[in-house]
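These notes are about the structure you will find just below.
Worth knowing before you read on, the calculation uses all heavy atoms, side chains too, and leaves out hydrogens, waters and symmetry mates. Indexing begins at 1, ligand by ligand and atom by atom, following the structure's order.
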Amino acid sequence: MTTPQVEVQAISRTYRMRSGLFGRPISVRAVDNLSFSIQKGETLGIVGESGSGKSTTGRMVLGLEPPDQGSVHFDGAPIAAPGTAAWCAQRARMQMIFQDPLGALDRRLAVAAQIREPLDIHNIGTKAERDARVHELLRSVDLNDSHGARYPGALSGGQRQRIVLARALATKPDFLVCDEPVSALDVSIQAQVVNLLIDLQARLGLTMLFISHDLRVIRQISSKVAVMYLGRIVEFGDADDLFARPQHPYTQALVSASPAPGRRSSNRIVLTGDPPNPAARPSGCAFHPRCRHATARCAVEVPQLTAPDPQRQVACHLVAGASSQAQDAA
Ligand SMILES: Nc1ncnc2c1ncn2[C@@H]1O[C@H](COP(=O)(O)OP(=O)(O)OP(=O)(O)O)[C@@H](O)[C@H]1O
Ligand SMILES: [Mg+2]
């Protein structure tokens, strides 16, 4: 058995905040006892509605935020504490791309200099080698030196996200966390950037954690998929199989609402009830108030992730082989 590139074991993260200016302090459990691993060269897609804990998971995987409980290993070693030399070395091998490329770039600096920055920080190569690498990186994201000479404000949204991608690839990372990298782009541009990511992933053998609320994008890019609901994984499996045979009622609703060739819109499952709110987590199965199959048991017992077949994990009392925990600890 090879060491996974990334191994996440039972991580949790609770935020404490006030409800209103003088309100009572409340706890929001953003991520709750989450475990998964990503093999080298694999793309794990994380999908779920807003507030399901996707970004918090991404930050903990990169070591940008420590989990309250649990651990994250990268290539067999625990993620080092931020600011240490070990963390700096790890960070050169793990990069991230966020939703807003303009926010990630310095508006006062030509983009070539920004692609070069990680090479300067990590002291990689001579000046001439760095220049050559910037040229090569621009080409790898289908841009050229004339784009490199421009400032972020003179580029389109798609071009800016390509620059962010080129900068992320500068140190030849093994692992990329992409958090909604195309959500802010026009749909036609989204497809180009996703195709570029797929191409680069295959060419460079990258391992990826790809976060999105958009099932179409997740379906296109992922080899494995984790569906999150209120900080927990409710279903996990191989992407093609999961989309063809979703087993959790939440995944079934998401898949039915996502346009796909051959699926009739009359088959759409409409999710009723309030969207997930981590500050008011329902008892038992957190999805039960919106689940059309919920029984009395679902309101009191928390379903655990179990494997109805070897390729799939599902946390639902209605799926054969599911087990439960008597009372919600949240
Ligand atoms: N720094 C923080 N301080 C307080 N609460 C936070 C913080 N970060 C996240 N949260 C809360 O944790 C929960 C999960 O947030 P997170 O951003 O991880 O969700 P998400 O799935 O990425 O959502 P989205 O699709 O909107 O990006 C939310 O209720 C959010 O308000
Ligand atoms: Mg997010």
Side-chain angles (χ1 to χ4, degrees), residues 6 8 10-36 43-70 72 79 82 95-104 161 164 168 176-185 190 193-194 197 208-219 221-222 225-236 248 250-251 253-255 257-258 271 273-282 286-287 289-290 315 328-330:
V6 175
V8 170
I11 55 169
S12 296
R13 182 82 171 108
T14 300
Y15 296 108
R16 286 172 228 299
M17 46 205 257
R18 288 190 181 277
S19 56
L21 192 55
F22 303 107
R24 284 184 307 117
I26 53 164
S27 288
V28 171
R29 188 171 292 197
V31 172
D32 191 10
N33 200 23
L34 208 68
S35 300
F36 58 81
T43 299
L44 172 67
I46 297 189
V47 69
E49 284 165 287
S50 186
S52 55
K54 305 181 298 295
S55 296
T56 306
T57 302
R59 290 197 299 271
M60 288 195 286
V61 167
L62 283 169
L64 298 175
E65 204 173 309
D68 301 327
Q69 281 152 19
V72 179
I79 294 285
Q95 295 292 338
M96 71 205 126
I97 299 173
F98 293 118
Q99 179 170 345
D100 172 22
L102 198 53
Q161 197 59 303
V164 171
L176 219 53
V177 172
C178 304
D179 189 351
E180 305 274 8
V182 297
S183 305
L185 305 177
Q190 280 186 6
V193 175
V194 169
L197 271 167
M208 284 209 283
L209 177 66
F210 192 98
I211 295 169
S212 179
H213 64 275
D214 186 340
L215 226 64
R216 270 179 321 154
V217 174
I218 289 282
R219 183 195 289 254
I221 205 164
S222 314
V225 172
V227 181
M228 282 185 75
Y229 195 84
L230 279 178
R232 292 183 183 161
I233 292 177
V234 295
E235 185 155 8
F236 186 95
H248 194 286
Y250 179 56
T251 320
L254 290 184
V255 171
S258 168
L271 275 176
D274 295 330
N277 174 8
R281 171 193 288 279
F287 182 61
R290 301 170 82 193
D328 193 345

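Taking the six-membered ring for Trp, Phe287 and His248 have ring centres closer than 6.0 Å.
Ser50 is not listed as a side-chain neighbour of His213, based on a closest heavy-atom distance of 4.5 Å or more. Between Phe210 and Pro181 the shortest side-chain heavy-atom distance falls below 4.5 Å. The shortest side-chain heavy-atom distance between Leu197 and Leu176 falls under the 4.5 Å cut-off.
Using a cut-off of 2.8 Å, one finds that Ser50 contributes no N/O/S atom close to the Mg ion (ligand 2).
Residue Ser35 comes nearest to Ile233 through the heavy atom pair O-CD1, 3.8 Å, listed as atom of the first residue, atom of the second, then distance.
Using a heavy-atom distance under 4.0 Å as the criterion, the protein contacts of ligand 1 are Tyr15, Met17, Val28, Ala30, Glu49, Ser50, Gly51, Ser52, Gly53, Lys54, Ser55, Thr56, Arg59, Pro278.
In this structure, the separation between CZ on Arg281 and CG on Leu230 is 5.5 Å, given to the nearest 0.5 Å.
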